[in-house]
Engineer: 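Would you mind keeping the following structure in view while I ask a few things?
Sequence lines set the chain letters: A, B, ... in the order given, protein chains first and strands last, and positions in each chain run from 1.
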Amino acid sequence: MSPITPRTMPGVLELLPREQEIHDAMRDTIRRGYARFGFLPVETPTIERTDVLLTKTGGETERQVYFVQSAGQLEQGGQPELALAFDLTVPLARYVAEHEHDLNFPFRRYQIQRVYRGERAQRGRWREFYQCDIDIIDRDELSVRHDAEIPATIASVLDALDIGDFTIRINDRRLMRGLLEEAGVTGEPAQTDLIREIDKLDKIGPEKVRDALLAGGMASGAADTLLQQTSTRTTSAEEALATLSDLGSGPTAAGADSLSEVLRVLADLGVPEMRYSLDLSIARGLDYYTGTVYETTLDDHPELGSICAGGRYDDLAGQYTKTHLPGVGMSIGLTRLFFQLREAGLLPANISAIDAVVTLMDEDGLGYALEVASLLREAGIRVETRMEPDKLGRQLRNADRAGIRFALIDGGAERSARTTTVRDLDEGTQETVPLDHLVQHLKHR
RNA sequence: GUGGCCGUAGCUCAGCUAGGUUAGAGCGCCAGGUUGUGGCCCUGGAGGUCGGGGGUUCAAGUCCCCUCGGUCACCCCA
């Protein structure tokens, strides 16, 4: 009987090797994609100082922060001075402010790390999860053209992940505020509250949003107009620009002009029209977004929710420096994306971290087997060796389960002839080849 | 933080509504059939104090209470 049940806490994702390989391959694809667009790698500590982490956050975020405290401190009843990062944007703000004079602006970085949120775990809601962020930060002013570069990069990366069609939905918070303004809703917190309701349009449907708008004090007619406007989902760049052109006056002008520029640059960047859509209901809950906002869903699986989101923020690091640092960025929730794809049976094809296993059937064969393995490793082939003899059938079965494609069989016959039998576990075929030709043979398959 | 639902083998579940022989199935796992050949098939095996505690009863997986755990929705979010 074991005294302690081995188990993880809810809200963390732990994988077996075969799935870990797929997860890691996705992470690598994202990283390489970000690098291709000229973003630089940054990694920040998982643990930050509490005062740094909690500055610009509201009460809601603070509720989700994990505090970190040593056992000694705890005994002495001290307040925690450290906490786990709950996103990568706040650490980025600290990073840019701290290293301001050593960075080139506009500063573009990618960052792929785990973050922590102390919320009730749910399907697709994790307490520990990977975020894959890109952001562009500049001093004083940041060209709105970068607001097109961010989704262009994301579109390229999601394409490379080969997870089916997706749509990056784009809006501008100023546009939504303008529409509310026209509908007679002014001031805070009224606007923010209603923006939050409209953001749920696709999730809870127009009736319930209408109820919320009325409950928020809007007149029936104004609510209907607003609902109709925010239901806009364009399917082409032309349609999107025309929509914005119609909206481009009065309180909505700033947002519409800015979005138009974003859409034009998006086209110049060569992003296919089917990859994005102007969606006037998108708002994002986070209050620090001030302009462009993005939200991404898979076309065939909208129920999986947002797999990638972000936006523009006027002043990233106002709490840390007097320098005005506007930024724009997006984040792929890799843990959610991976999990949802797995649940939907949509994971990319199996990838093995091992190309071949050298089997071992008798003690006398060890030297030869290890020699064969060395030969392959020198050629860059990933090889596992058996160190104890075992039944061949068992070795083949284990290799098959691990997703390893090739098994090398070296019995007495192969040894004396300086050959090896290469069995292809995917095809169910095998061939005996001389050692001299082994590497070439494997690389050809 | 608020509110629903559910806890029976590693996993998915049946048995509970009418308490009553040694608690079952499928899948998975292990071994053998095949002493140098995986997947398919056949045979056998391991694995459960029915989440935990208390109560009712001659008798509790089954009924009642408490507790712990899981899960879903809301809030919020990747």
Side-chain angles (χ1 to χ4, degrees), chain A residues 1-2 5-11 13 16 30 57-65 85-89 111-134 154 192-193 196-197 199-200 203-204 208 212 283-289 293-298 304-311 329-340 357 359-362 365 389-415 420-432:
Chain A
M1 69 182 207
S2 53
T5 307
R7 56 183 198 141
T8 58
M9 67 176 209
L13 183 64
L16 292 172
I30 294 168
T57 67
E60 192 55 44
T61 312
E62 190 154 350
R63 219 178 70 191
Q64 298 190 343
V65 168
F86 61 87
D87 71 7
L88 300 178
T89 305
Q111 190 170 354
I112 300 175
Q113 286 181 237
R114 291 210 262 214
V115 298
Y116 299 83
R117 292 188 190 173
E119 59 187 337
R120 281 265 184 96
Q122 261 177 57
R123 166 174 293 255
R125 319 263 319 260
W126 304 89
R127 286 171 159 170
E128 177 186 73
F129 61 98
Y130 274 96
Q131 286 199 320
C132 311
D133 278 33
I134 43 170
I154 293 292
T192 301
D193 288 348
R196 206 163 268 155
E197 294 304 323
D199 188 51
K200 296 177 191 165
K203 193 176 175 185
I204 66 177
K208 287 188 176 172
R284 313 292 311 127
L286 286 179
D287 288 338
Y288 56 72
Y289 294 126
V293 286
Y294 318 94
E295 180 120 38
T296 312
T297 49
L298 296 179
L304 301 192
S306 173
I307 57 164
C308 174
M330 287 181 86
S331 177
I332 298 175
L334 177 57
T335 302
R336 170 180 287 180
L337 177 61
F338 177 88
F339 180 81
Q340 306 281 47
V357 59
T359 62
L360 182 63
M361 287 177 291
D362 57 281
D390 195 1
K391 284 190 166 189
L392 183 60
R394 203 189 331 264
Q395 295 183 63
L396 293 179
R397 192 179 62 203
N398 288 337
D400 184 47
R401 283 178 187 168
I404 299 170
R405 180 161 174 201
F406 297 107
L408 304 193
I409 302 164
D410 308 309
E414 283 88 350
R415 255 178 277 154
T420 185
T421 296
V422 179
R423 181 163 181 82
D424 184 328
L425 296 175
D426 289 352
E427 306 283 327
T429 59
Q430 66 185 44
E431 195 177 335
T432 302

Engineer: Hey, which sits more toward the 5' end of RNA chain B by its nearest nucleotide, A:N398 or A:G412?
Structural biologist: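 Looking at the nearest nucleotide for each, A:N398 comes out on the 5' side.
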
Engineer: Pick base, sugar-phosphate or nothing for A:Q340, based on heavy-atom distances below 4.0 Å to the nucleic acid.
Structural biologist: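 Result for A:Q340 = nothing.
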
Engineer: To the nearest Å, how far apart are A:R336 CZ and B:C77 P?
Structural biologist: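 Computing the A:R336:CZ to B:C77:P distance gives 11 Å.
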
Engineer: Just to confirm, is there a sub-4.0 Å distance from OP1 or OP2 of B:A31 to any side-chain nitrogen or oxygen of A:R397?
Structural biologist: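 Checking A:R397 against B:A31: at least one side-chain N or O falls below 4.0 Å of OP1 or OP2.
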
Engineer: Tell whether A:Q430 reaches the base of B:U37 with its side chain through a donor-acceptor pair below 3.5 angstrom.
Structural biologist: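 Side chain to base: pair found, below 3.5 Å.
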
Engineer: Quick one: does A:Q395 reach the base of B:G36 with a side-chain donor-acceptor pair under 3.5 Å?
Structural biologist: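 Result: no qualifying N/O pair found.
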
Engineer: Can you check the A:D400 CG to B:G38 C1' distance for me, whole Å?
Structural biologist: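 After rounding, the gap between these two atoms is 5 Å.
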
Engineer: Would you say a side-chain N or O of A:R401 is under 4.0 Å from OP1 or OP2 of B:C29?
Structural biologist: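 For A:R401, the contact criterion (side-chain N or O under 4.0 Å from OP1 or OP2 of B:C29) is met.
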
Engineer: Please give, in whole Å, the distance from B:G38 C1' to A:L408 CG?
Structural biologist: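 Value for this atom pair: 15 Å.
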
Engineer: Among the nucleotides B:G33, B:G36, B:G39, which one has an atom lying closest to any side-chain atom of A:I409?
Structural biologist: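 My answer, after comparing the listed nucleotides, is B:G36.
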
Engineer: Could you work out which one of B:G69, B:G39, B:G36 sits closest to the side chain of A:A413?
Structural biologist: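 Looking only at heavy atoms from C-beta outward on A:A413, the closest nucleotide is B:G36.
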
Engineer: Counting the atoms with a prime plus P, OP1 and OP2 as sugar-phosphate, which does A:A399 contact under 4.0 Å by heavy atoms, base, sugar-phosphate, or nothing?
Structural biologist: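 No contact at all - A:A399 keeps every heavy atom at 4.0 Å or more from the nucleic acid.
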
Engineer: Across the strands shown, which category fits A:L425 at heavy-atom distances under 4.0 angstrom: base, sugar-phosphate, nothing?
Structural biologist: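 The answer is base, as A:L425 lies within the cut-off (heavy atoms under 4.0 Å) of a base atom.
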
Engineer: Would you indicate what A:G393 reaches in the nucleic acid, counting non-hydrogen atoms under 4.0 angstrom: base, sugar-phosphate, or nothing?
Structural biologist: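 The residue A:G393 makes sugar-phosphate contact but no base contact.
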
Engineer: Remember a base hit wins even if backbone is also touched, and classify A:G310 as base, sugar-phosphate or nothing at under 4.0 Å, heavy atoms.
Structural biologist: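 Nothing: the residue A:G310, judged by heavy atoms under 4.0 Å, touches no strand.
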
Engineer: Which parts of residues 116-126 of chain A get close to RNA chain B, meaning a heavy atom less than 4.0 angstrom away?
Structural biologist: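 Residues of residues 116-126 of chain A that come under 4.0 Å of RNA chain B are, in numerical order, A:R117, A:E119, A:R120, A:Q122, A:R123, A:G124, A:R125, A:W126.
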
Engineer: Return the stems involving RNA chain B, sorted by first number, where pairs are Watson-Crick (N1-N3 with N6-O4 or O6-N4) or G-U wobble (N1-O2 and O6-N3), both under 3.5 Å, and runs are 3 or more long.
Structural biologist: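 For RNA chain B the paired stretches long enough to count as stems (3 pairs minimum) are B:1-7 with B:68-74, B:10-13 with B:24-27, B:29-33 with B:41-45, B:51-55 with B:63-67.
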
Engineer: With respect to the phosphate group of B:U37, does any side-chain polar atom (N or O) of A:R394 fall under 4.0 Å of OP1 or OP2?
Structural biologist: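 No, outside the criterion.
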
Engineer: What interatomic distance, in whole Å, is found between C1' of B:G61 and the corresponding atom of B:U17?
Structural biologist: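 Each nucleotide's C1' atom is 15 Å from the other's.
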
Engineer: For a quick test of reading the model: is some side-chain N or O of A:K200 closer than 4.0 Å to OP1 or OP2 of B:C74?
Structural biologist: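 So the side-chain polar atoms of A:K200 never come under 4.0 Å of the phosphate oxygens OP1 or OP2 of B:C74.
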
